[in-house]
Q: 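One structure follows; several queries about it will come next.
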Protein chains: 2
Amino acid sequence: MKYSISKENYLKAIFHLQNENGVVTTNELAAALLTKPASVTDMLKKLKAQRLLIYEKYKGFKLNNEGRKVALQIIRKHRLWEYFLVEKLQFGWDEVHEMAEELEHFTHKKLIDRLDTFLNYPKSDPHGDPIPDSNGKFDQQQKQISLPHLSLHRTAKVLAISPQTKEILELLQHKNILIGTKIEVKKKFSFDDSLELKVNNRTAVTISAAVAKSILVNDDQ
Amino acid sequence: MKYSISKENYLKAIFHLQNENGVVTTNELAAALLTKPASVTDMLKKLKAQRLLIYEKYKGFKLNNEGRKVALQIIRKHRLWEYFLVEKLQFGWDEVHEMAEELEHFTHKKLIDRLDTFLNYPKSDPHGDPIPDSNGKFDQQQKQISLPHLSLHRTAKVLAISPQTKEILELLQHKNILIGTKIEVKKKFSFDDSLELKVNNRTAVTISAAVAKSILVNDDQ
DNA sequence: TATTTTTTTTAGATTTGTCTAAATTTAATT
DNA sequence: AATTAAATTTAGACAAATCTAAAAAAAATA
Ligand SMILES: [Mn+2]
Ligand SMILES: [Mn+2]
Ligand SMILES: [Mn+2]
Ligand SMILES: [Mn+2]
């Protein structure tokens with residue numbers, strides 16, 4: 001099956017919204033795709049007719065098995081291209097998302113599998129998000145906690161950033177906080193919940209509560 | 001400026017047809033794009049309105065400066081991706097054209113320039129066609145002659161294949177004739193104009209007149 | 001030159017994805 | 001429960017790219 005770029009974007013967005021709640025609403029999806037609720041309703045009908053979606057009028061919607069399968073392949077492509085752009089073309093992890101938004105719609109499965117081989121089957125993308133294999137499966141993720149929940153003086157590794165706005169990624173890039181970076185919380189200031197960190201056992205860095213919440217580290221309790 | 005995939009395909013096809021004649025006709029272009037003359041006329045009006053094309057009703061058409069510039073960038077992308085697919089992802093030169101047809105429409109100029117750097121600024125694609133630089137210029141090509149015009153017992157290097165149908169490329173792949181391959185003509189049979197070759201100073205290979213005409217080698221008179 | 005054939009353009013439809021404005025359904029509040 | 005507000009869907013329109021059938025122009029040929 002081949003689906004239009006627009007349909008693929010809808011499927012991927014539904015997949016991501018589902019992960020947080022269970023069922024997705026028209027307004028939510030319209031906001032995520034920067035489009036109008038009426039356009040979403042139009043598309044939902046088409047996706048349902050193509051048997052990619054479970055949807056009853058006014059009841060919300062979610063992907064069925066086939067829709068999930070398609071979404072996972074798009075996510076696989078997105079993340080493999082991001083990895084390629086960072087590892088091979090030397091882009092910063094904060095500049096690759098937009099390019100991957102375009103590349104993820106490329107259709108030749110064989111190319112994607114070869115790219116995977118060329119990159120040596122990476123397990124996660126430059127933002128720490130797992131890369132599904134060609135069957136749509138990915139490894140069990142390590143348990144993650146956000147930085148404000150990490151105990152003082154316990155060293156942990158950055159696994160992911162969420163949400164990943166261009167702005168946060170740019171800031172973290174500047175402070176040398178990357179996926180895989182070792183972080184220890186040295187001090188919590190209750191005044192504004194800002195944190196002072198040791199990054200890679202070296203520099204002392206201060207970050208706001210908002211930034212701290214977006215940094216996910218491993219929870220090795 | 002950003003142009004639709006469809007418009008880009010029109011511009012590229014016009015560019016290639018121009019190189020043979022000077023002015024392009026509606027039927028020619030329709031045939032090249034596997035579409036109908038009426039559709040071509042529709043698009044010509046749009047391209048003219050966007051100032052990419054010189055076109056008067058019933059008079060044929062050709063690219064103007066701006067159109068040529070756009071076409072050359074698409075060709076640059078096409079050929080760089082082909083090079084990438086062959087050199088890095090280990091595809092055969094006979095399988096990459098279709099994939100490049102899709103990849104050539106990706107828009108981020110910075111990505112293409114980084115890809116160029118990553119590939120070490122290749123001068124020509126896997127089929128021997130020159131790759132324009134980021135300003136749309138390419139090197140002066142070596143003088144080319146087709147194999148039937150090469151003198152007996154003179155060794156020459158394969159520079160290009162033209163035309164490049166999937167079928168010819170597959171056949172040449174099978175006979176180990178690639179860009180850069182050294183060829184010597186051992187014998188010409190006047191009965192059917194078939195040739196017996198020495199390929200890379202080793203095997204004796206026989207090819208038909210039709211195949212020979214499509215192989216272009218350097219003319220070192 | 002007159003007639004026929006070929007090429008090109010126009011007219012009118014269709015599909016896909018989008019939009020605004022209005023109608024309908026569901027949810028929240030008095 | 002009645003009313004108001006919010007969410008969702010429908011109706012009708014539009015732009016892009018395509019098509020078929022018919023008309024118009026150019027080229028070929030008798
Ligand atoms: Mn991304
Ligand atoms: Mn990512
Ligand atoms: Mn090609
Ligand atoms: Mn090529």
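Nothing here was measured: the structure is a model prediction, and the numbers come from that model. Residue numbers begin at 1 in each chain, while the letters A, B, ... track the order of the sequences. Reckoned from all heavy atoms, side chains included, excluding hydrogens, waters and symmetry mates.
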Q: Take the protein atom CG of A/Leu29 and the nucleotide atom C1' of D/dA7, then report the distance between them rounded to whole Å.
A: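 Going from CG in A/Leu29 over to C1' in D/dA7 covers 14 Å.
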Q: Working to the nearest 0.5 angstrom, can you tell me the gap between A/Thr107 OG1 and B/Met99 CE?
A: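 Between atom OG1 of A/Thr107 and atom CE of B/Met99 there are 10.0 Å.
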Q: Using a strict 4.0 Å threshold on nitrogen-to-oxygen distance, state whether B/Arg76 and B/Asp113 make a salt bridge.
A: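 Looking at B/Arg76 and B/Asp113, the cut-off is met.
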Q: Could you check how far NZ of B/Lys57 sits from P of D/dA26, rounded to whole Å?
A: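 Those two atoms, NZ and P, are 10 Å apart.
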Q: Just compare C/dT7, C/dT9, D/dT8 and give me whichever is closest to any side-chain atom of A/Thr26.
A: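 Of all the options, the side chain of A/Thr26 is nearest to D/dT8.
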Q: Rounding to a whole Å, what distance do you find between A/Lys48:NZ and D/dT9:P?
A: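 Computing the A/Lys48:NZ to D/dT9:P distance gives 11 Å.
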Q: Is there side-chain contact between B/Leu111 and A/Leu103, with at least one heavy-atom pair below 4.5 Å?
A: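 In contact.
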Q: Counting only heavy atoms from other residues, nucleotides and ligands, does the tally under 6.0 Å from NZ of A/Lys175 exceed 12?
A: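 Atom NZ in A/Lys175 is crowded, with more than 12 foreign heavy atoms closer than 6.0 Å.
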Q: Near DNA chain D, counting only heavy atoms under 4.0 Å, which residues of residues 30-45 of chain A show up?
A: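 The answer is A/Pro37, A/Ala38, A/Thr41, A/Lys45.
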Q: Between atom CD in A/Glu56 and atom P in C/dT26, what is the gap in whole Å?
A: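 Whole-Å distance recorded here is 12 Å.
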Q: Taking for each residue the nucleotide of DNA chain C with the nearest heavy atom, is it A/Lys59 or A/Lys46 whose nucleotide lies nearer the 5' end?
A: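 It is A/Lys46, whose closest nucleotide lies nearer the 5' terminus.
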Q: Between B/Glu104 and B/Arg79, is any pair of side-chain heavy atoms under 4.5 Å apart?
A: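 A side-chain contact under 4.5 Å is absent here.
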Q: Taking only N and O in the side chain of A/Asn27, is any of them less than 4.0 Å away from OP1 or OP2 of D/dT8?
A: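 True: A/Asn27 side-chain N/O within range (under 4.0 Å) of D/dT8 OP1/OP2.
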Q: Quick one: are the ring centres of A/Phe106 and A/His108 less than 6.0 Å apart?
A: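 Ring centroids of A/Phe106 and A/His108 are less than 6.0 Å from each other.
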Q: Out of A/Leu72, A/Val24, A/Val70, A/Ile74, which one pairs with A/Phe15 under the side-chain contact (heavy atoms from CB on, under 4.5 Å) rule?
A: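 That would be A/Leu72; it is the only one of A/Leu72, A/Val24, A/Val70, A/Ile74 passing the side-chain contact (heavy atoms from CB on, under 4.5 Å) with A/Phe15.
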Q: Name the nucleic acid region contacted by B/Phe61, choosing base, sugar-phosphate or nothing; use a 4.0 angstrom heavy-atom cut-off, strictly under.
A: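 Contact class for B/Phe61: none.
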Q: Within residues 4-14 of chain B, find the residues that approach DNA chain D with a heavy atom at under 4.0 Å, and present them sorted by residue number.
A: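 Within residues 4-14 of chain B, the residues near DNA chain D are B/Ser4, B/Ser6, B/Lys7, B/Tyr10.
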Q: So B/Leu80 and B/Lys77, side-chain contact (heavy atoms from CB on, under 4.5 Å) or not? Walk me through it.
A: CA-CA 5 Å; B/Leu80 277 174; B/Lys77 291 187 273 178; 5.9 Å; no
Q: Atom OH of A/Tyr55 and atom C1' of D/dA7: how far apart are they, to the nearest Å?
A: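 Interatomic distance, OH of A/Tyr55 to C1' of D/dA7: 12 Å.
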Q: Can you confirm whether or not the ring centre of B/Phe84 sits under 6.0 Å from the ring centre of A/Phe84?
A: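 Yes, they do, as the ring centres are separated by less than 6.0 Å.
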